[in-house]
Structures are given as C-alpha cells and as structure tokens.
Colleague: 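Let me give you the structure first, and then I'll get to my questions.
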2 protein chains.
Amino acid sequence: MTQSRPEPYGRADKRQAITQAARRVFGRDGYTRASMDAIAAAAGVSKRTVYNHFTDKEQLFLTVALEGAEDVTAAIAQIMDRHLHKIVDLEQDLIDFSLDRVAAVTSFPDHFALVRAIEAEAAHIPPPILKSWIAAGPQTGHLRLAPYLRRIADRGLLDIHDAESAAAHLTLLTVTDVNQQTFYGAVPLPQEEITQLVTIGVRAFLRSYAPTVVP
Amino acid sequence: MTQSRPEPYGRADKRQAITQAARRVFGRDGYTRASMDAIAAAAGVSKRTVYNHFTDKEQLFLTVALEGAEDVTAAIAQIMDRHLHKIVDLEQDLIDFSLDRVAAVTSFPDHFALVRAIEAEAAHIPPPILKSWIAAGPQTGHLRLAPYLRRIADRGLLDIHDAESAAAHLTLLTVTDVNQQTFYGAVPLPQEEITQLVTIGVRAFLRSYAPTVVP
DNA sequence: GTCTATAAAAAGATAGAC
DNA sequence: GTCTATCTTTTTATAGAC
C-alpha cells in the first residue's frame, strides 16, 4: 500500500517517531501550549520534516488523537472479553472489569492527557472531525459493551430493556466518576478510594437493573 | 475591608471589568490561547492596568475560575430549592430539576467554557489551588444536593443509605451524561435528546434507590 | 493608578541546499 | 525526503510619561 516507494528507508520510521512524540508532547502540554519545535525535537527530526508529513499543527493533532483512540478502544475490548465473557460472580466481575477500565486510563497516560486536550479544544475543533473522534473513541466503548450486557441479561442475571443505555449508565457510575475526580489521572487518588467508588457504583447499577424476583 | 483607600474612584470598577472580560475571553479561547491583550481590550483598559491588578496571567485565571464557581454554585442552589423543596411527583420533579441544572450550563456559557479550560490545564495547576476550585464548585454541588435527597428519603420516597453517594449518582446519570456528550454545551444537542437522556437517567436512579415495597 | 510605546522572547510556517 | 537558517506574527511583560 506504500505508494510509489519514495525513499528506500527512513520514511515510515520518521512518521511514527513524529506521531509518538506528538502524542507525548500534546498530552503533556495541551494543544496550544505544545510547540512544533518541541515535537520535532522529541521525535529527533527537523521541524521541516514534520511539516513534510503533516500539513500543519491541527492536522497532526487530529491524526494523533484518532490513532490513539483506536489503540485504546482495542485495549478496552480485550478487558471486556477478559472479564465479561464467562460470568461467575456478577458483582465481582463487574467491579474487576471497571477497575481494569479505570486502570487503562493510567496505562495510556499520553492518550488520556490528550483526551483532556480534546475536550478543552472542543469548541475549536471542526464538528465533523470531533464527531469522528467521538465515534472512534468513547462511543465505540458503549457500543461494544452493550452486547455483553445484553448476553448477561439473556441469562437472567439482569433486567435490561435498552442495552446501550445500560452500558452508558454502568460507565457513568464507575469509570466516569473516577475519571472526573482524578481529571483522567492527572490528580492521583488512592487505590482504596478508587475501589470504593467503583464498588458502590457497580452496586447502584445492579440495583437499577436487577431482575424482578419471581417468587 | 478596602485597604488604605488608594484611589477615590475607578479601582473596583476596573477590577470587575477585568474579571468579567477575563472570564469571557478565557472561556472562549482557553487558557493558553487567550492573550492578555484581548482581555485588556475586552475590559476597556490598558494591558498595564491588568498587570497592576493581577501579578500575571496564571493568577488572573485562577481568580476568575474561583469567583465563577461560587456564582454558579449559588445559581444551582436556587434550582435545588425550586424543585426539591416540595415534592409532588418525584420522578417529574427530579427530571425538571435535572433539566434546569443542565440548562444552567448554557446559562453560564463563559464559566463552563472555563471549566473545560480548567480540566484541560489540570496537570499544570498547583494541586492546592485545584483542590480549592473543586471544593468551591463541583464538590459543593454534591454536598448541597445530599440533604435534599436525605429529606426525600426520610419521607419514605427513597431508600438511601449514603446520601452523598446518591447525590453523586443522580448527577452522573443526568447532568454529567449530557455535559459529556455536549462537551459542556460546546456541541449542541437537540432539546428532545437531552430530555430523553435525563429521563432515562432519572428512572435508572429511581430504580436504584427505590424503597423496598412492604406488602 | 492608568495610559502609550516598546522590549524580548517564542511560535508557526517557509526558502533553499543537499 | 531531510536538514539548517530565516521570516513573520504574536505574546508576555515592562519602561516611562501623566
């Protein structure tokens, strides 16, 4: 798929070095504060090379944001499969699942620092591009979680009418709560408190979607 | 409390003009993108005057953020009193309350745009100052909502053990959900969809904290 | 205390050699 | 395609008159 074989070596390598460096610098400094100088230096290339690969700062940022969202989405998918495929103790499985999801935020610090930057820049990002980021990231999370909950409900362990809403609610009561309090990991919170928050969130979710007992 | 009476007139006026302008410009452009030039121009004063009142850009930003949080907290308190003092139809009252809370985000566009900026800058804000902002803003919201839920529970309309957790959950299932999807109002959402989100959020909350029926 | 004018630094983007 | 050197604009912060 490489078109016209432009250079024998040092093309894709440089591009990847640039995107990695950009993710780190954008995440650390935010969009406006991050300079193309710093990104070029962190990537070990000249600034002109950056501009040869990406037309301008905005396009570089959006490229990095979208690629990062896909990476994280893939990681979350693995976490779902690990915890929600075979259910033995629903409450404990949901707690473990949510804790791993929360931990993913600290496993991808560059990306989630960048998520903060995106949310801050939301008003300045062209709506169609913003939509495509939402689609590649957060929305995909809900859409992939819903089928798992649907299957659990089909086994009679939950009473769910709208699986997507239920997925959104579980996320809000656990991951969103923690992320909001820690600013996506920027302000650390003791693991004990995180476990506490997630536990009461999962329990609230289970009460809300408990199957009606038929005596 | 004004110390040493420095000038007969034109002191507090200028300061307020500066803070108002700073709130608007910071909210519109974000912290880094906002320039002291633009703030001075919007306030109708010279840039030197801004620096006479505030030592630097950072201190001006944090001052505005804290003052704005107090204003919004007061407005939210009024909304609570309006909807949660006399309960007639709990579900409808909670929906109306949550919709008004969501609307407050668009009523204070400058402040909530600034909230986005704070969240983006979280990693660059000194932790003690960040804590004091959380205390003046979001946390106060939960702490003030909790007693209302406690009173409703005491009337037998809800079954609540930890009122603060319940307050957090109600907020997450309604306001946080909408704010996350609209990026605090930056990306508009049809009122119909907002109502839909809030309604299913309130219903999930009520199922989660429904009193146990004693037959 | 407030203003006009300016200094000093930084950042986005480009020219031209190899 | 990549690099060094440079242009242009913008921004924070300050000097000095009133």
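Within every chain, numbering begins at 1; the chains are lettered A, B, ... in the order of the sequence lines, protein sequences first and strands thereafter. Both backbone and side-chain heavy atoms feed into the values below; hydrogens, waters and symmetry mates do not.
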Colleague: In whole Å, what is the span from the CD atom of A:Q59 to the P atom of C:dA13?
Modeller: 11 Å
Colleague: Among B:D96, B:N179, B:T171, which residue satisfies the side chain to side chain donor-acceptor pair (under 3.5 Å) criterion with B:R101?
Modeller: B:T171
Colleague: Could you check how far CD of A:E58 sits from C1' of C:dA11, rounded to whole Å?
Modeller: 16 Å
Colleague: If you check every side-chain atom of B:D56, which of D:dA13, C:dA11, C:dT2 has the closest atom?
Modeller: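 The closest nucleotide is D:dA13.
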Colleague: Output the residues of residues 39-51 of chain B in contact with DNA chain C, where contact means a heavy atom of the residue under 4.0 Å from an atom of the strand; sort by number or write none.
Modeller: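 Within residues 39-51 of chain B, the residues near DNA chain C are B:V45, B:S46, B:R48, B:T49.
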Colleague: Roughly how many Å is it from CZ in A:F54 to C1' in C:dG12, rounded to a whole number?
Modeller: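 Distance, rounded to whole Å: 16 Å.
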Colleague: Using a distance-only test with no angle check, is there a side-chain donor-acceptor pair under 3.5 angstrom linking B:T73 and B:R144?
Modeller: no
Colleague: Whole angstrom is fine here: how far is it from CZ in B:R15 over to C1' in C:dT2?
Modeller: 17 Å
Colleague: Classify the ring geometry of B:F26 against B:F61: parallel below 30°, tilted from 30° to 60°, perpendicular beyond 60°.
Modeller: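 It falls in the perpendicular class, over 60°.
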Colleague: What is the separation between atom CG on A:N52 and atom P on C:dA15, rounded to the nearest whole Å?
Modeller: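 Answer to the nearest Å: 12 Å.
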Colleague: Please give, in whole Å, the distance from D:dT2 P to A:M36 CE?
Modeller: 14 Å
Colleague: Is it true that a side-chain atom of A:R116 and a backbone atom of A:F183 form a donor plus acceptor pair closer than 3.5 Å?
Modeller: yes
Colleague: Indicate whether any N or O donor in one side chain lies under 3.5 Å from an N or O acceptor in the other, for B:D71 and B:H111.
Modeller: no
Colleague: Mind calculating the distance between CZ (A:R33) and C1' (D:dT12) to the nearest angstrom?
Modeller: 13 Å
Colleague: Taking all atoms of both residues into account, what is the closest heavy-atom pair of A:D56 and A:M36, and its distance?
Modeller: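 Closest approach of A:D56 to A:M36, heavy atoms only: C-CE, 4.3 Å.
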Colleague: Measure the acute angle between the ring planes of A:F205 and A:Y209, then classify it against the limits of 30° and 60° as parallel, tilted or perpendicular.
Modeller: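 Ring orientation, 0 to 90° scale: tilted.
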Colleague: It should be established whether A:H53 places a side-chain nitrogen or oxygen under 4.0 Å from OP1 or OP2 of nucleotide D:dT2.
Modeller: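 Checking A:H53 against D:dT2: at least one side-chain N or O falls below 4.0 Å of OP1 or OP2.
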Colleague: Contact class for A:A34 (heavy atom, under 4.0 Å): base, sugar-phosphate, or nothing?
Modeller: sugar-phosphate
Colleague: Taking CG from B:L60 and C1' from D:dT12, how many angstroms apart are they, rounded to a whole number?
Modeller: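 To the nearest whole Å, that distance equals 13 Å.
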Colleague: So what does B:D37 hit on the nucleic acid, given a heavy-atom distance under 4.0 Å: a base, only sugar-phosphate, or nothing?
Modeller: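 It contacts base atoms.
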